[in-house]
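To keep things clear, I will list the structure first and then write my remarks on it.
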Amino acid sequence: MDNSDQPPSLRWLFFGWSGRVSRLPYALAWGFWMTLAAAFLTRMVMTPQDEPAFAIWTLLFFAVGVVSTLSSVMLTIKRLHDMALPAPLVLCLFVPAISIFALIAFLVWPGTPGPNPHGRVTDRPKE
């Protein structure tokens with residue numbers, strides 16, 4: 001049975017490293033993580049520091065930060081695969097002076113049309 005007619009899973013989208021991701025799913029995934037981090041940060045800031053809930057919201061905020069960082073690395077690797085660029089360029093996201101420009105480039109730069117070494121089509125794991 002060919003898996004190309006089945007949609008890829010969210011697990012693959014957020015945490016898989018093989019295959020290709022186009023601009024729209026990449027942007028939506030980044031938006032998801034930013035929204036989730038903002039929601040936890042808002043709850044953390046709104047909770048008085050002397051309440052026990054403050055520690056819980058702080059812990060959850062940092063947990064979301066760690067998970068979103070790992071997911072963003074995996075998303076960017078797949079985005080680089082779609083652009084036919086080497087995966088180590090993901091390190092550009094960790095250099096403060098160029099990280100925002102790198103992210104904008106990854107969001108705007110079109111992928112390679114047709115098959116490339118990382119997959120036949122975009123938004124799918126490599127077969």
Side-chain angles (χ1 to χ4, degrees):
M1 183 172 149
D2 187 18
N3 289 340
S4 63
D5 57 343
Q6 293 179 332
S9 67
L10 287 175
R11 183 177 173 183
W12 169 80
L13 175 65
F14 287 114
F15 299 106
W17 61 270
S18 72
R20 300 165 60 180
V21 169
S22 62
R23 292 178 283 186
L24 181 60
Y26 182 73
L28 291 173
W30 266 89
F32 168 77
W33 287 121
M34 297 300 245
T35 303
L36 197 61
F40 282 103
L41 179 63
T42 301
R43 289 297 299 175
M44 185 180 78
V45 169
M46 291 180 61
T47 305
Q49 290 184 5
D50 56 347
E51 288 187 20
F54 179 78
I56 294 169
W57 287 116
T58 303
L59 182 64
L60 288 172
F61 173 70
F62 283 111
V64 166
V66 169
V67 172
S68 68
T69 300
L70 293 173
S71 177
S72 297
V73 167
M74 295 298 138
L75 282 162
T76 303
I77 288 172
K78 290 187 296 266
R79 183 71 193 116
L80 289 165
H81 286 169
D82 188 48
M83 297 163 58
L85 294 172
L89 283 177
V90 73
L91 297 174
C92 292
L93 292 177
F94 295 100
V95 179
I98 63 170
S99 62
I100 189 68
F101 300 110
L103 180 60
I104 291 170
F106 298 152
L107 289 168
V108 176
W109 196 295
T112 56
N116 74 15
H118 303 286
R120 291 187 299 123
V121 294
T122 61
D123 303 326
R124 300 273 181 215
K126 185 175 180 182
E127 297 173 0

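- Side-chain heavy atoms closer than 4.5 Å link hydrophobic residues (I, L, V, M, F, W, Y) into clusters, and following such links, possibly through other members, connects L10 to F32.
- How far OG1 of T58 is from CD of Q49: 8.0 Å, rounded to the nearest 0.5 Å.
- With a 6.0 Å radius and a threshold of 12 heavy atoms from other residues, nucleotides or ligands, E51 has its CD atom above the threshold.
- Residues W30 and L70 do not share a hydrophobic cluster, defined by chaining ILVMFWY side chains whose heavy atoms lie under 4.5 Å apart.
- Contact check for D82 versus Y26: no side-chain heavy atoms found under the 4.5 Å cut-off.
- Within the 4.5 Å cutoff, no side-chain heavy atoms of T122 are placed close to those of V21.
- Panel note: side chain S71, backbone F14; a donor-acceptor pair is recorded below 3.5 Å.
- Side-chain contact check for R79 versus R23: some heavy-atom pair is nearer than 4.5 Å.
- Placement of V108 and F101 within a single hydrophobic cluster is found when ILVMFWY residues are connected by side-chain heavy-atom separations under 4.5 Å, directly or transitively.
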Check the pair F106, M83 against side chain to side chain contact (heavy atoms under 4.5 Å, CB included), reporting the backbone distance first and the verdict last.
CA-CA 9 Å; F106 298 152; M83 297 163 58; 4.1 Å; yes
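- Atoms OG1 and CZ, on T47 and F54 in that order, are 8.0 Å from each other to the nearest 0.5 Å.
- The heavy-atom pair separating I98 from C92 by the smallest distance is CG1-O, 3.8 Å.
- Side chain of K126 to main chain of P117: a donor-acceptor pair is present (N/O by atom type, distance under 3.5 Å, no hydrogens or angles).
- With hydrogens and angles disregarded, no donor-acceptor distance shorter than 3.5 Å links the side chain of H81 to the backbone of R20.
- D123 and S22 get closest at one heavy-atom pair: OD1-N, 2.8 Å.
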Take L80 and H118, measure what side chain to side chain contact (heavy atoms under 4.5 Å, CB included) needs, and give me the verdict at the end.
CA-CA 10 Å; L80 289 165; H118 303 286; over 6 Å; no
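- Follow the hydrophobic side-chain contacts under 4.5 Å out from L13 and you never reach L24; the two are in separate clusters.
- Using a 4.5 Å cut-off between side-chain heavy atoms of Ile, Leu, Val, Met, Phe, Trp and Tyr, with links allowed through other members, W109 and L75 fall into the same hydrophobic cluster.
- I104 CD1 to S99 OG: the interatomic distance, rounded to the nearest 0.5 Å, is 9.5 Å.
- Between W33 and F15, the ring-plane angle classifies as perpendicular under the 30° and 60° cut-offs.
- Checking side-chain atoms of W12 against main-chain N and O of S18 turns up a donor-acceptor pair under 3.5 Å.
- Remark: side-chain polar atoms of T76 are not paired, donor with acceptor, to backbone N or O of V73 under 3.5 angstrom.
- Taking every heavy atom of both residues into account, W17 and M74 meet most closely at CB-SD, 3.6 Å.
- A distance of 13.0 Å separates CD1 of I77 from CG of L85, quoted to the nearest 0.5 Å.
- Counting only heavy atoms from C-beta outward, the side chains of F40 and L36 approach each other to under 4.5 Å.
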